[in-house]
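A quick write-up on the structure given underneath.
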Amino acid sequence: MMYQTFAYYYDLLMDKSLYQQWLDFTEQRVGALAGQQILDLACGTGDLASLYAQRQQGNGQVYGVDLSEEMLSLASQRVANDQVDVTLLQGDFRQLSQLDLPPLDLVTCYDDSLCYLTNLSDLTTTFKQVAQVLAPQGTFLFDLHSLYQVNEVFPGYMYNYREEDWAFMWASFAGEASNSVTHDLTFFVWDDALGGYDALNETHHERTYPLATVEAALQTAGFTQIQTFGGFTGEAITAATPRWFVQAQRG
């Protein structure tokens, strides 16, 4: 296998069953998606946006926004292979109002993507931007790592994976800021020209926030009817919940 991009190997490692669970959670919270204007924020390689588009019946439109050109390139291939209509846009969470988007019925941001906003100001700005692109009474659904996941599970976590011609190493450490974590990711990809492995390194920083802080930021951005859940089926949050799910409505 020739060296491609980090996004390519991320896609290979992703647990694809999670996309169906995010779709199921979305439909549980808002009902049928047909005919809605939907944005999948931090759409990555396009799997969930494609599932949303498969639910359309010719009246709605699905948009996917991501900061990474590499992710969007793979997303373009995904939606083409699935023969669905998704408008893909490169953009920053904090500048959504600059994109060519119609008033949206639904915005989703899953896979803990908001945790890449490592200060509260950026998180609040993102909430305000989402509110601006939502239609009145539009719904915002997202998830975050819990405090338990960031402070108890991630520090010291290690994971290794190996195929015949590539391998992956992941190590996590407590971050410098409160409730933050640093992930060191290394891919080793066989290169015939080198006669050895080429290394691709990335460092990812994530941060989460107490739920009360998240709810206050949502209220500041103009959201109401805020609900929180401890899993894909809407279960209650416990002290050991790894991922929080949040639903809010533009007031």
Side-chain angles (χ1 to χ4, degrees), residues 11 14-66 71-72 75 78-79 82 84-89 91 93 96 99 101-117 123 126-127 129-146 208 211 214-215 218 221 223-237 241-251:
D11 191 47
M14 184 66 184
D15 180 359
K16 298 294 185 178
S17 68
L18 289 171
Y19 295 115
Q20 183 63 48
Q21 294 184 72
W22 279 309
L23 173 66
D24 292 344
F25 174 79
T26 301
E27 292 182 321
Q28 289 166 13
R29 302 315 309 167
V30 301
L33 302 181
Q36 295 197 40
Q37 303 282 349
I38 303 171
L39 167 61
D40 184 25
L41 187 55
C43 66
T45 55
D47 293 73
L48 186 57
S50 177
L51 290 175
Y52 288 160
Q54 292 170 41
R55 290 294 201 267
Q56 298 301 306
Q57 296 178 357
N59 296 320
Q61 179 61 43
V62 176
Y63 299 83
V65 170
D66 204 281
M71 290 289 188
L72 290 172
R78 177 86 59 210
V79 300
D82 292 344
V84 294
D85 183 14
V86 177
T87 300
L88 297 170
L89 302 168
F93 289 170
L96 291 179
L99 301 179
L101 293 166
L104 299 163
D105 301 300
L106 173 66
V107 175
T108 65
C109 188
Y110 293 132
D111 202 8
D112 317 295
S113 297
L114 289 172
C115 291
Y116 280 88
L117 299 169
L123 184 67
T126 297
F127 288 165
Q129 288 289 293
V130 171
Q132 285 192 43
V133 299
L134 275 170
Q137 309 306 310
T139 300
F140 183 27
L141 296 171
F142 62 93
D143 60 23
L144 294 163
H145 291 310
S146 69
T208 197
L211 274 176
V214 175
E215 292 176 9
L218 285 167
F223 285 97
T224 62
Q225 300 185 41
I226 301 167
Q227 303 177 68
T228 57
F229 311 95
F232 288 104
T233 57
E235 55 263 42
I237 292 172
T241 293
R243 173 180 280 142
W244 295 328
F245 290 77
V246 181
Q247 178 175 349
Q249 187 174 61
R250 177 186 165 186

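Computed from a prediction, not measured in an experiment: that's the story for all the values here.
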Less than 4.5 Å apart, side chain to side chain, heavy atoms only: is that true for [X] and [Y]?
| X | Y | answer |
| --- | --- | --- |
| W22 | L51 | no |
| I38 | D105 | no |
| R29 | F245 | no |
| Q56 | V62 | yes |
| T26 | L106 | yes |

Expected output: side-chain [X] to main-chain [Y] donor-acceptor under 3.5 Å:
| X | Y | answer |
| --- | --- | --- |
| T208 | L144 | no |
| Q249 | Q137 | yes |
| D40 | G64 | no |
| R55 | L33 | no |
| D111 | S113 | no |

Checklist entry - So which of V107, L39, L72, T87 actually passes side-chain contact (heavy atoms from CB on, under 4.5 Å) with V65? => result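 Output: one option passes, namely L39.
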To the nearest 0.5 Å, tell me how far [X] [atom1] sits from [Y] [atom2].
| X | Y | atom1 | atom2 | result |
| --- | --- | --- | --- | --- |
| L218 | I226 | CG | CD1 | 4.5 Å |
| T228 | Q247 | OG1 | CD | 10.5 Å |
| Q227 | E215 | CD | CD | 10.5 Å |
| L41 | T108 | CG | OG1 | 7.5 Å |
| Y52 | E27 | OH | CD | 9.0 Å |
| T233 | F25 | OG1 | CZ | 9.5 Å |

If you compare all heavy atoms of [X] against all heavy atoms of [Y], which two are closest, and at what distance to 0.1 Å?
| X | Y | value |
| --- | --- | --- |
| D143 | R243 | OD2-CD, 3.4 Å |
| D66 | G44 | OD2-N, 2.8 Å |
| L141 | T139 | CG-CG2, 4.0 Å |
| C43 | L88 | SG-CD2, 4.2 Å |
| F140 | L114 | CZ-CD1, 4.3 Å |
| H145 | C115 | N-SG, 3.4 Å |

Checklist entry - Quick one: do the Q20 and D24 side chains pair a donor with an acceptor below 3.5 Å? => result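 Note: Q20 and D24 side chains meet the donor-acceptor criterion.
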Checklist entry - Which of parallel (below 30°), tilted (30 to 60°) and perpendicular (above 60°) describes F127 and F223? => result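 Because their plane-to-plane angle is over 60°, the rings of F127 and F223 count as perpendicular.
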Checklist entry - How about Y110 and F232: are their ring centres within less than 6.0 Å of each other? => result no
Item to check | Criterion side-chain contact (heavy atoms from CB on, under 4.5 Å) on V130 and F142, from CA distance to verdict | outcome: CA-CA 11 Å; V130 171; F142 62 93; over 6 Å; no
Next on the checklist: Per the side-chain hydrogen bond (donor to acceptor under 3.5 Å, both in side chains) rule, what does the pair list look like for residues 42-51, sequence neighbours excluded?
Outcome noted: D11-T45, K16-D47, T45-D47, D47-R78, S50-Q54, S50-D82
